[in-house]
Amino acid sequence: MRAIYNLMTLKNVNCAPIIHKILGTFFAFWLVFFLLTTLFIIGFYQEISFLEKLLHNSYKVFFIWIILSILVHFLLWILLRNSISPLVHLITHFKNSETLQELEIPKNLSEEITDLFKILNKSILNLKALQEKTIEAEKNAAIAMTIQLLAHDVRQPFLMLQTILKTLTMQKDIAQINSIIKTLVPQVDRNIQKVNGMLIDIMEMGSQSEKLQLESICPESLISSVVKENLQIYNNADIAFSFNFSHQHKIKANMSKIERVFTNIFLNALQAMNFKGKIWIQTRDVIINKKLFIEFCIGNNNSFIEKEDIKNLFNAFFTKAKKSGTGLGLAAAEKIVQSHDGQIWCHSVKNDHFSAGMVEFYFTLIAADELAVKKNLKLPAHSSNLFAKRLEL
Ligand SMILES: Nc1ncnc2c1ncn2[C@@H]1O[C@H](COP(=O)(O)OP(=O)(O)O)[C@@H](O)[C@H]1O
Ligand SMILES: [Mg+2]
């Protein structure tokens, strides 16, 4: 803003329209003023020709013109410095700032403009206080909702067990009893797993930063167990898998926490694609700041995340298009990955190749010194390879 105070640099400054207008008016006024003073001064000598008069009196014209010009420049400078420039400063500040930020009040301003600064600063303070209250209220509402969901989901397996036990006591035929158990137990399992997952995420979000117990983990084994365990519960899924591992080392991570990251991203994918489509899991070595990391990619087709939602995905309580989402899964995943000095991000597109969209979650984890051992884990090419035929009641 300083540049605006300086008339020499005015033309180089990307000024506000108001300054353009003032300068335009000023220079027009200056020109008219120059012509009038010239005419006025030479008007005293009417007996000689106009040109002669002008030449004869040019030093006077020039002298008076210079004095008056300096005076007018000085007035313009005062006007710009004390009124217009602070106003432009105020406008530019609020136009460009995305956050509410108070302004330092410049000295030597006219009283009205100082008042304007004070009023705006006070409004900003009030808005900030209101914003904090709204965020707090939203958080409380989200916590209340999560507790309600949790209470509902905790009750579910108990109610199911109660029903199963009641039904079983009424059965006499052992084959019938076996059939009921085989059908209903996976459902109870699924509900218990869901509650367990919710509790782990809630506990993760509430936990303070702690020293992690790290161990060397083979990524392939971890991925294999996450995929198999979750598909055993969601045994009606119709998913084609592709795995592409090109990491060389194991990862250095806390087993239970990192398992939760894979599970949350994997379950989100299954739910978002309505348990139908393709899932691909890939790894590769990457070097970040001279340190070896393994980058994981868990991708799925048949779902899409809008650009404006991507930036909110990892915020606690952000949930969309789900009946019983808590919005804690990805927030917990981000917290865990970051506590392992890694990064997590998401990429989603919709195009001719992925007409229903595709989503990929990437995250990096530090590589352990130990090399990964290639195991014959028999990863499934399709979900149907994993679970026994579903039994109908
Ligand atoms: N693979 C995906 N495809 C589409 N949307 C996704 C995917 N993964 C996550 N999301 C979106 O991110 C939101 C936040 O996920 P998350 O934090 O796990 O909370 P929750 O699963 O409880 O809703 C989900 O509600 C969903 O809208
Ligand atoms: Mg989730």
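Start at 1 with the first residue, then count along the sequence. In listed order, ligands and their atoms are each counted from 1.
In terms of the side chain to side chain donor-acceptor pair (under 3.5 Å) criterion, residue partners of Lys228 (sequence neighbours excluded) are, by chain and number, Ser224.
For the Mg ion (ligand 2), protein N, O or S atoms under 2.8 Å: 1 in total.
Taking the six-membered ring for Trp and thresholds of 30 and 60 degrees, Phe296 and Phe363 have nearly parallel ring planes, at less than 30 degrees apart. Taking the six-membered ring where tryptophan is involved, the planes of Phe245 and His247 are perpendicular, since the angle between them exceeds 60° and thus also 30°. Classification of the Phe314-Phe361 ring pair by plane angle, with boundaries at 30° and 60°, yields perpendicular.
Of the possible donor and acceptor atoms, one in the side chain of Asn302 sits under 3.5 Å from a partner among the backbone N and O of Lys276. Side chain of Thr364 to main chain of Phe293: no donor-acceptor pair is present (N/O by atom type, distance under 3.5 Å, no hydrogens or angles).
Within the 4.5 Å cutoff, side-chain heavy atoms of Leu222 are placed close to those of Glu259.
Protein residues lining ligand 1, listed by chain and number: Asn268, Ala269, Ala272, Asn300, Ser303, Ile305, Leu313, Phe318, Thr319, Lys320, Lys322, Gly325, Thr326, Gly327, Leu328, Gly329, Leu330, Val359, Phe361 [non-hydrogen atoms, distance under 4.0 Å].
Judged by distance alone, the side chains of Asn254 and Ser256 do bring a donor and an acceptor atom under 3.5 Å apart.
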Pair up each side-chain donor or acceptor in residues 213-221 with any protein partner under 3.5 Å, not counting sequence neighbours, and list the distances.
unit_1: Ser216; atom_1: OG; unit_2: Glu370; atom_2: OE1; d: 3.4
unit_1: Ser221; atom_1: OG; unit_2: Lys375; atom_2: NZ; d: 3.2

